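Here the structure comes first, spelled out in structure tokens, and everything after it is commentary.
None of the values given here were measured: they were computed from a predicted structure.
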Amino acid sequence: MEQYNKTPEEEERFVEAQFRELLDGYLASNHRKKVEIIEKAFRFAKEAHKGVRRRSGEPYILHPIAVAKIASQEIGLGSTSICAALLHDVVEDTEYTVEDIEQHFGKKIAQIVEGLTKISGGIFGDKASAQAENFRKLLLTMSEDIRVVLIKMADRLHNMRTLGSMAPNKQYKIAGETLYIYAPLAHRLGLFAIKTELEDLSFKYEHPTEYERISNLIRQSEERREIVYNDFAEPILKRLDSIGVEYEAKARLKSVYSIWRKMETKHVPFEEVYDLYAMRIIFEQPKNLSEKEMCYKIYSSLTDLYRPHPDRTRDWITNPKANGYQALHVTLMGPDGNWVEVQIRSRRMDEIAEKGFAAHWKYKIGESDEEKELNVWLKTIKDILDDPTPNAIDFLDTLKLNLFASEIVVFTPKGELLTLPAGATVLDVAFTLHSEIGVHCIAGKVNHKLVPLSQKLNSGDQVEVLTSQSQKPKPEWMNFLATAKAKTRLRKELRREQIPVMEKGKKIFDEFLVQNDIILNNKVMTKILGTYQVASREELFQKLGTGEASIDDYLNVNTSKGARSLVSRLFRLGFGGDKSARKKKDSAELPQLPKAANINTKETYVLKFNENERNFSFADCCRPIPGDEVMGFINDRNEVEVHALTCPRAQVLKASYGPRILATRWDEVAGKFMASIRIEGIDRHGILSELTRMISTALNIDIRRLNIEAEKEVFTCDLGVLVGSTADVDELCKKVFKINGVKRADRVKQNS
């Protein structure tokens, strides 16, 4: 980040100029002009934050101004939100109270500031339970005033834009929780532009090398892309001009993050991402036609020119998305033989797509269908909030089912429309209709055909749910549910049946604590759950109650060399009642804590792995190899565990255990590590022996697994090989690609 260096006079002029930019943007909007109260809020916040500076060296007041500017100019909010944004850190960081804010600025602004103060410091704190609680608070504020969440989104966006001044481990943590929670939340609220920028900024700090590489490839291909776009667009523009449409047409380039995700999930190089851009046509609404009629008039003109893809026309006007998005999408075959998506929108639809629900206020839609959809979603969130499970990770994962979901639309036999996540089943429909229907569901009828309750649904299906009073919920149902509401309700029902067993387990556990003078707190509980390898108290009590696990197993003092009993470990860390007596007794038999316990998490951790020194372990969930972009995580055993940055588990850890995340770099790593390679090509006699000879003899790489399948003229070969680093993999793929008939050779990353 550029060094901040201004004299007091220059600084004063700069702050005033930034505030003037905020005011000018507000004055250019359609909102009622309430300049006086905004000016008052700015002066109040400026005085309250006087002398305080951000990590970059800038005066702190520039942050509230920037947040207010985003809320006003990028989300479209009015004077109440601008004032709340200017004041959003005053109660948290200064001596002023919510009552002071109410006295000076009124009840509504004070309520919003109070809502923002409740969720201050980011969604997540240091402990998992606190993280879940803070996130619950954030979601509860939605039902009170949606502006709290929208201003919080503006706050996070400015923090991401200025993330360069933070330490590497902080960058990982903030980027991780942004990608895990804020970006999908922005998407769900219809803030498309903000969602895209949050994703790209997160990607920039998580994968700086890949971000720069793809950005360069986009720049290098710009001239060629422009030629292709112009060839496609020119006939369309002429046709629209000829029928008298007032419009704006532009190419919408895919974001760096979405290009990278496509390359990762489809295992294709940049050159094979053909849908790099889409065409967007934004029309001004004529008086004599409805928006829908105008969209289809333009659609008709386009399909006269180019052939439409039969399965890729999307009418989001008749059935808007839950986040309020409306448009007509059609995918056309361009003159170069590639498919190009065209998005047709009115000016109103475009503003709502970019700014989300805030744009509705500009158009004074009131209680529109889109807002009703949001209220339905908020009710679902409340169902999750009612779930008493204390497991934060489980809570966040359940929530993500709704945040990330693509949507389908199905119908009940009476024609009622239900919006569900893609992958939803008959059982999801049953729980959506009513919890009692869900727990007694035995099967369904989809388009009048009998199907099991695990049947996945498609948009347009008509679904009837069949029930029986003798039916009871089963744990395996969790495997084919896609909605958060259904998972939450099923979990409650299963827990209800497990209560007697869990009470028995809890009694055993409580007696163990009393007998050993152990005082229960969060640290003790975390250590015990880690020892039993369970995620929650309920799971622990269930295991103890059924006899699947026993306290006695962990009380055995005669453990193997290097191991410690549960009690001795708890007392060693000072968690017992009479600590002094026990500590003396146990200290002689306990080894020193691993080095990870004393790591400075603000510094980049150097990864070493050789015959003399090993200061980390590879995570089983993703199994990275040297050269991969990775992060470190200090686990419950105080060891550094290395995860690939693309690992879904790593996303959860970054969002939930920020203080235990380490920025890392590879140093002395010697050894052989398993990597999976997929090779595809045209089958011919002798190609397998040529492949194996090239790998094992010419490249001197050991093959540990080989599976080859051929169908007609095409073959697929999956290899497991031992390599020293990603450089070996790159060399292998490059050499193999030169073999006659091989069309693709790529590493397949686990869990990416």
Side-chain angles (χ1 to χ4, degrees), residues 192-193 196-197 199-200 211-286 289 291-317 325-347 349-351 353-354 743-744:
F192 178 78
T196 303
E197 187 175 353
E199 286 178 341
D200 270 8
Y211 179 87
E212 194 56 40
R213 185 177 77 85
I214 294 172
S215 298
N216 286 334
L217 288 169
I218 290 171
R219 283 192 289 271
Q220 290 163 17
S221 63
E222 186 175 359
E223 191 176 335
R224 175 179 57 81
R225 216 171 47 245
E226 198 171 315
I227 293 169
V228 172
Y229 173 76
N230 289 337
D231 287 345
F232 174 78
E234 194 174 343
I236 293 175
L237 305 185
K238 285 180 179 176
R239 178 63 62 92
L240 294 179
D241 289 339
S242 71
I243 62 173
V245 178
E246 189 180 346
Y247 68 93
E248 176 191 356
K250 54 188 176 184
R252 183 191 65 80
L253 184 66
K254 219 176 180 67
S255 70
V256 177
Y257 174 75
S258 58
I259 291 171
W260 175 76
R261 283 301 302 161
K262 184 146 196 173
M263 291 165 63
E264 287 286 305
T265 53
K266 302 287 185 185
H267 302 293
V268 296
F270 177 84
E271 293 70 27
E272 291 183 28
V273 180
Y274 293 115
D275 58 341
L276 271 180
Y277 68 89
M279 183 180 187
R280 185 172 292 163
I281 298 169
I282 304 159
F283 63 85
E284 304 299 335
Q285 181 62 30
L289 287 176
E291 286 180 317
K292 186 174 180 178
E293 287 171 327
M294 194 65 202
C295 282
Y296 272 99
K297 184 177 180 180
I298 294 171
Y299 169 86
S300 179
S301 298
L302 300 183
T303 52
D304 285 346
L305 292 168
Y306 296 118
R307 181 160 62 89
H309 193 295
D311 301 322
R312 285 165 68 181
T313 297
R314 299 283 182 268
D315 181 356
W316 298 115
I317 303 167
Y325 180 82
Q326 286 183 293
L328 182 61
H329 291 194
V330 58
T331 301
L332 304 170
M333 174 69 79
D336 61 347
N338 287 318
W339 294 104
V340 179
E341 183 182 76
V342 181
Q343 302 165 354
I344 306 167
R345 305 173 176 176
S346 68
R347 181 67 63 185
M349 293 175 191
D350 186 62
E351 288 220 6
E354 296 302 308
K743 298 299 180 186
R744 176 166 296 159

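Minimum heavy-atom separation, D304 to R239: CB-NH1, 3.5 Å. Closest non-hydrogen pair, Y306 versus P335, comes out as CE2-CD, 3.8 Å. Heavy-atom minimum distance, W339 versus P308: CZ3-C, 3.9 Å. Annotation for S215 and V256: closest pair OG-CG2, 3.9 Å, computed over non-hydrogen atoms. L332 and L302 get closest at one heavy-atom pair: CD1-CB, 4.0 Å.
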message = As a quick check of understanding, evaluate side-chain contact (heavy atoms from CB on, under 4.5 Å) for Q285 and E291, giving each step before the final call.
response = CA-CA 7 Å; Q285 181 62 30; E291 286 180 317; 3.1 Å; yes

side-chain contact (heavy atoms from CB on, under 4.5 Å) evaluation trace for I236 with I281 = CA-CA 10 Å; I236 293 175; I281 298 169; 4.1 Å; yes

query = Can you check side chain to side chain donor-acceptor pair (under 3.5 Å) on R213 and N216, steps first, answer last?
reply = CA-CA 5 Å; R213 185 177 77 85; N216 286 334; over 6 Å; no

ask   = Should I298 and Y247 be marked as a side-chain contact (heavy atoms from CB on, under 4.5 Å) after you check the CA-CA gap, both sets of side-chain angles, and the distance that decides it?
value = CA-CA 10 Å; I298 294 171; Y247 68 93; 6.0 Å; no

inquiry  = Between Y277 and E226, is the side-chain contact (heavy atoms from CB on, under 4.5 Å) condition met? List the steps.
reply    = CA-CA 10 Å; Y277 68 89; E226 198 171 315; over 6 Å; no

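The shortest side-chain heavy-atom distance between P286 and M294 falls under the 4.5 Å cut-off. Annotation: side chain of R280 is in contact with side chain of D350 (closest heavy-atom distance under 4.5 Å).
Distance check, rounded to the nearest 0.5 Å: OG of S346 to CE of M349 gives 4.0 Å. Note that the CD1 atom of I218 and the CZ atom of R225 stand 6.5 Å from one another [nearest 0.5 Å]. Here CZ of R261 is found 12.0 Å from NZ of K254. Values are rounded to the nearest 0.5 Å. Atom CD of Q343 is separated from atom SG of C295 by 11.5 Å, given to the nearest 0.5 angstrom. Atom-to-atom distance recorded for M279:CE and I344:CD1 is 9.5 Å, nearest 0.5 angstrom. Put simply, CE on M333 and CZ on F232 are 11.0 Å apart, with the number rounded to the nearest 0.5 Å.
Counting non-hydrogen atoms of neighbouring residues, nucleotides and ligands closer than 6.0 angstrom, the CD atom of E223 reaches no more than 12 such neighbours. Counting non-hydrogen atoms of other residues, nucleotides and ligands closer than 6.0 Å to CZ of R307 gives a total of 12 or fewer. Within 6.0 Å of CD in E234 there are 12 or fewer heavy atoms belonging to other residues, nucleotides or ligands. Open room surrounds CZ on R224; 12 or fewer heavy atoms of other groups in view lie less than 6.0 Å from it.
The main-chain N or O of F192 is found under 3.5 Å from a side-chain atom of T196 such that the two form a donor-acceptor pair. Checked by atom type and distance alone, the side chain of R312 never pairs as donor or acceptor with a backbone atom of E341 at under 3.5 Å.
One finds no salt bridge joining K297 and E293 here, because no Lys/Arg side-chain nitrogen approaches an Asp/Glu carboxylate oxygen to under 4.0 Å.
Relative orientation of the Y257 and W260 rings is tilted, given thresholds of 30° and 60° on the angle between their planes.
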